[in-house]
There are 2 protein chains.
Amino acid sequence: MTVRRRGAALEDSILEAAWTELMSVGYARLTMEGVAARAQTGKQVLYRRWRNRAELVITAVRHHIGSVADQIPDTGELRSDVLAVLQRMTQRQRDLGPEILHGLMAEAPDLAPEFLTVIDGVMTTLLEQAEKRGELKVTDLPVRVVTLPADLLRHEMLLTRHPIAEKPLVDIVDQVFLPLVRASISSKVSD
Amino acid sequence: MTVRRRGAALEDSILEAAWTELMSVGYARLTMEGVAARAQTGKQVLYRRWRNRAELVITAVRHHIGSVADQIPDTGELRSDVLAVLQRMTQRQRDLGPEILHGLMAEAPDLAPEFLTVIDGVMTTLLEQAEKRGELKVTDLPVRVVTLPADLLRHEMLLTRHPIAEKPLVDIVDQVFLPLVRASISSKVSD
DNA sequence: CTCACTAGAGACGCATCGTCTCTTATGACT
DNA sequence: AGTCATAAGAGACGATGCGTCTCTAGTGAG
């Protein structure tokens, strides 16, 4: 070993090695030793930075695919905005695959709550945009309805092993979300 | 060792040992060796019957808490029927705890689809009962809406680490499911 | 009473964990 | 330029659990 890396350069190498390892052997069979070997470094270097597999992998995943909240759609219509968000979510699931998702869910307890708050924020923004356009009143909607499209999609991701097609997304929006939004508006009138 | 067990007696001992082990150390730290030791038998006896940890645990769980479909509520009203099913689901989740649920989901790919079909059948029965009473027409409802209460609850179970209270169940039924059922009926009229 | 079957027990080789140790490259500070 | 604390690279280490294999001796069927 002639050159010895440090700081960010080293960390990037490790995260990239972890990602490659993740893609080639999956989560269940990813080992700290494997990552260290691929990154041409020692295990101790990994354990100095992450307490376990799960934390390392989460960092690696975040490092490679950003957050759904990174860019919020604004198409001028609530329906297509929501659909766009759901599509972004499925894209991320496709990148990871179900095995990694389940593995992380089982081993990283802190991950799930974060999913919730992130999407919550995004959906709230979408609804505020719609409200500004006069499509609806945000206050009409129970929180449960606001997070519902993402919740249903997430459920689908966790319970099926295959990547999710376009149809379920459309169904969620058209058969569940939008009817509820409409019902909420008309019930407000009859109050 | 004086007495040597066989057949069902032996199998029951093992399943009970597995359950006890599950309750005392959780799923992640349950080992085949631990179960064998507690059941006072050898590992080979386990491997003769189950291919791995996940299958053994699934059998043990089924052996101790039956299926949601074991008894289908019939209270005379759709709302309370659905609530009763959701309550039975949360009861089972309480018995298991989130850690076991996640562990099994990650390691036993065949488990998830089964959840889906079981609840699907139960909900369909509830709706047929309601239809017989004249509460609604089953054909009005998209499949997505039929499975929706269970789907949402399952989502909640998988994403929160604590047992689920009564309120979310009521919210799911009153803020999401029933409004959709009603909307579906009235939209049918205006078709 | 005999015998095929398999329970009970644990040794085995392998993989991986997380810790520890050792040498030596590196960059910050004189 | 020279010194030095720091941490990188490498791998040995004991522990643990996997899944397989082997051996013996209960046990129920006939």
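The figures here come from the full heavy-atom set of this structure, side chains too, leaving out hydrogens, waters and symmetry mates. All values derive from a computational prediction rather than experimental measurement. Labels below follow one simple rule: chain letters A, B, ... track the order of the sequence lines, proteins then strands, and each chain is numbered from 1.
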What does B/Arg51 touch in the nucleic acid at a heavy-atom separation under 4.0 angstrom: a base, only the sugar-phosphate, or nothing?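 Contact class for B/Arg51: none.
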Side chain of [X] (C-beta onward), nearest among [options]:
| X | options | value |
| --- | --- | --- |
| B/Arg4 | C/dT16, D/dT27, C/dT19 | D/dT27 |
| B/Arg49 | D/dA7, C/dA7, D/dG17 | C/dA7 |
| B/Gln44 | D/dC21, C/dT26, C/dT21 | D/dC21 |

Could you pick out which residue, A/Ala39 or B/Arg53, lies toward the 5' side of DNA chain D when each is mapped onto its nearest nucleotide?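 With A/Ala39 and B/Arg53 compared, the 5'-side residue is A/Ala39.
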Under 3.5 Å donor-acceptor pair, [X] side-chain atoms to [N] base atoms:
| X | N | result |
| --- | --- | --- |
| B/Arg48 | C/dT6 | no |
| B/Lys43 | C/dG10 | no |
| A/Arg6 | C/dA25 | no |

[atom1] of [X] versus [atom2] of [N]: gap in Å, rounded?
| X | N | atom1 | atom2 | result |
| --- | --- | --- | --- | --- |
| B/Glu107 | D/dG17 | CD | P | 14 Å |
| B/Leu10 | D/dG26 | CG | P | 17 Å |
| B/Leu30 | D/dG17 | CG | C1' | 12 Å |

Does a side-chain N or O of B/Thr41 approach OP1 or OP2 of C/dG8 to a distance below 4.0 Å, or not?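 Checking B/Thr41 against C/dG8: at least one side-chain N or O falls below 4.0 Å of OP1 or OP2.
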Spell out, as yes or no, whether a donor-acceptor pair under 3.5 Å connects the side chain of B/Glu156 to the backbone of B/Ile164.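 Flag not set: sc B/Glu156 to bb B/Ile164 has no pair under 3.5 Å.
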Determine whether the side chains of A/Thr75 and A/Asp81 contain a donor N or O and an acceptor N or O closer than 3.5 Å.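 A pair is found: one side chain offers a donor N or O, the other an acceptor, under 3.5 Å apart.
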Per the side chain to side chain contact (heavy atoms under 4.5 Å, CB included) rule, which among B/Arg88, B/Gln87, B/Arg94 passes with B/Gln91?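 Single pass found, and it is B/Arg94.
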Row check, A/Phe177 ring normal vs A/Arg79 NZ/CZ: under 6.0 Å, within 45°: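 No; the conditions do not both hold, so A/Arg79 does not lie above the ring face of A/Phe177.
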